[in-house]
Amino acid sequence: MSLLQLSTPEIFLYAIAAAAILIYVPFLVVGYARAQVGYDTAAPRAMFDKLPDYGKRATWAHQNSFEAFMIFAAAAMMAYVTGVNSPFGALAAIAFVVSRLLYSTFYILNIPVLRSLMFAIGSLSSGTLFYLSIIHI
């Protein structure tokens, strides 16, 4: 099944699942950074200051992903429940997933301008889904 064959409500549900998975993509980088400095199972949070800079940025990207996910999941579920069935809604859901993948990438690579742009696109995507849901009621 290709993305073009999915209905808009299906895209909302798949986008929620993909966004949930994307929360942990930066954490893979954190795990790699922790392995480089020696993982301390007795005090895993205390080792944050020992991480290389990219590991710290990956930690922050991971934490931000939880925050962004909560808003997006609510927006996508609201669109799903209210029966939003527009291509614009599907595009917003897909844009959120893509922007969050790029957000984490740009955060870890320390490219703040592009990271901020991806944050804005993701936020606008969630806002679009809320808006479409409200006008659809």
Check: Are the side chains of Arg34 and Val29 in touch, meaning some heavy atoms are under 4.5 Å apart?
Finding: no

Margin query: For the backbone of Ile23 and the side chain of Ser65, can you confirm whether one donor and one acceptor N or O come within less than 3.5 Å of each other?
Written below: no

Next item on the list: Could you work out the complete set of other residues in the hydrophobic cluster of Leu124, with links drawn between I, L, V, M, F, W and Y side chains under 4.5 Å apart?
Entry: none

Next item on the list: To the nearest 0.5 angstrom, please state how far the CE atom of Met78 sits from the OG atom of Ser126.
Entry: 12.0 Å

Could you list the donor-acceptor pairs under 3.5 angstrom formed between side-chain atoms of residues 104-117 and any protein atom two or more places apart in sequence or on another chain?
from   : atom 1 : to     : atom 2 : distance (Å)
Thr105 : OG1    : Leu101 : O      : 2.9
Ser116 : OG     : Pro112 : O      : 3.0

Notebook entry, point to check: Same hydrophobic cluster for Leu13 and Val84, using side-chain heavy-atom links shorter than 4.5 Å among ILVMFWY?
Noted result: yes

Checklist line | hydrophobic_cluster_shared for Val81 and Ile16, side chain cutoff 4.5 Å | finding: yes

Check: If you take all heavy atoms of Gly89 and Leu129, which pair is closest and at what distance?
Finding: O-CD2, 3.5 Å

Notebook entry, point to check: If Ile, Leu, Val, Met, Phe, Trp and Tyr residues are connected whenever their side-chain heavy atoms lie under 4.5 Å apart, and connections chain through other members, are Met77 and Leu132 in the same group?
Noted result: yes

Checklist line | Sequence neighbours excluded, every pair satisfying ring-ring contact (aromatic ring centres under 6.0 Å, His included) that has a member inside residues 108-137 | finding: none

Margin query: Side-chain heavy atoms nearer than 4.5 Å, only ILVMFWY residues, links allowed to pass through others: does that put Trp60 and Met118 together?
Written below: yes

Check: Can you list every side-chain hydrogen bond (donor to acceptor under 3.5 Å, both in side chains) pair that touches residues 72-98, not counting sequence neighbours?
Finding: Thr8-Asn85

Next item on the list: Over all heavy atoms of both residues, which pair between Arg100 and Ala61 is shortest? Give the atoms and the distance, please.
Entry: NH2-O, 4.4 Å

Margin query: Going by the rule side chain to side chain contact (heavy atoms under 4.5 Å, CB included), which residues pair with Val98 if we only count those two or more places apart in sequence or in a different chain?
Written below: Ile94, Leu102

Check: Should side-chain heavy atoms under 4.5 Å link Ile, Leu, Val, Met, Phe, Trp and Tyr, which residues sit in the same cluster as Ile21?
Finding: none

Notebook entry, point to check: Tracing side-chain links under 4.5 Å among I, L, V, M, F, W and Y, which residues wind up in one group with Leu28?
Noted result: none

Item checked: Residue pair Phe12 / Ala79: nearest heavy atoms and the distance that separates them -> CE1-CB, 3.6 Å

Item checked: Nearest heavy atoms of Phe88 and Thr128, plus distance in Å -> CE2-CG2, 3.5 Å

Notebook entry, point to check: Does one hydrophobic cluster hold both Tyr24 and Tyr32, with members joined at side-chain heavy-atom distances below 4.5 Å?
Noted result: no

Sequence neighbours excluded and cut-off under 3.5 Å, please list the side-chain donor-acceptor pairs for residues 48-56, or say none.
from  : atom 1 : to    : atom 2 : distance (Å)
Tyr54 : OH     : Gln36 : OE1    : 2.4

Note to self: Run the ring pair (Phe, Tyr, Trp, His ring centres under 6.0 Å) test against Phe72 and tell me which residues pass, sequence neighbours left out.
What the structure shows: Phe96

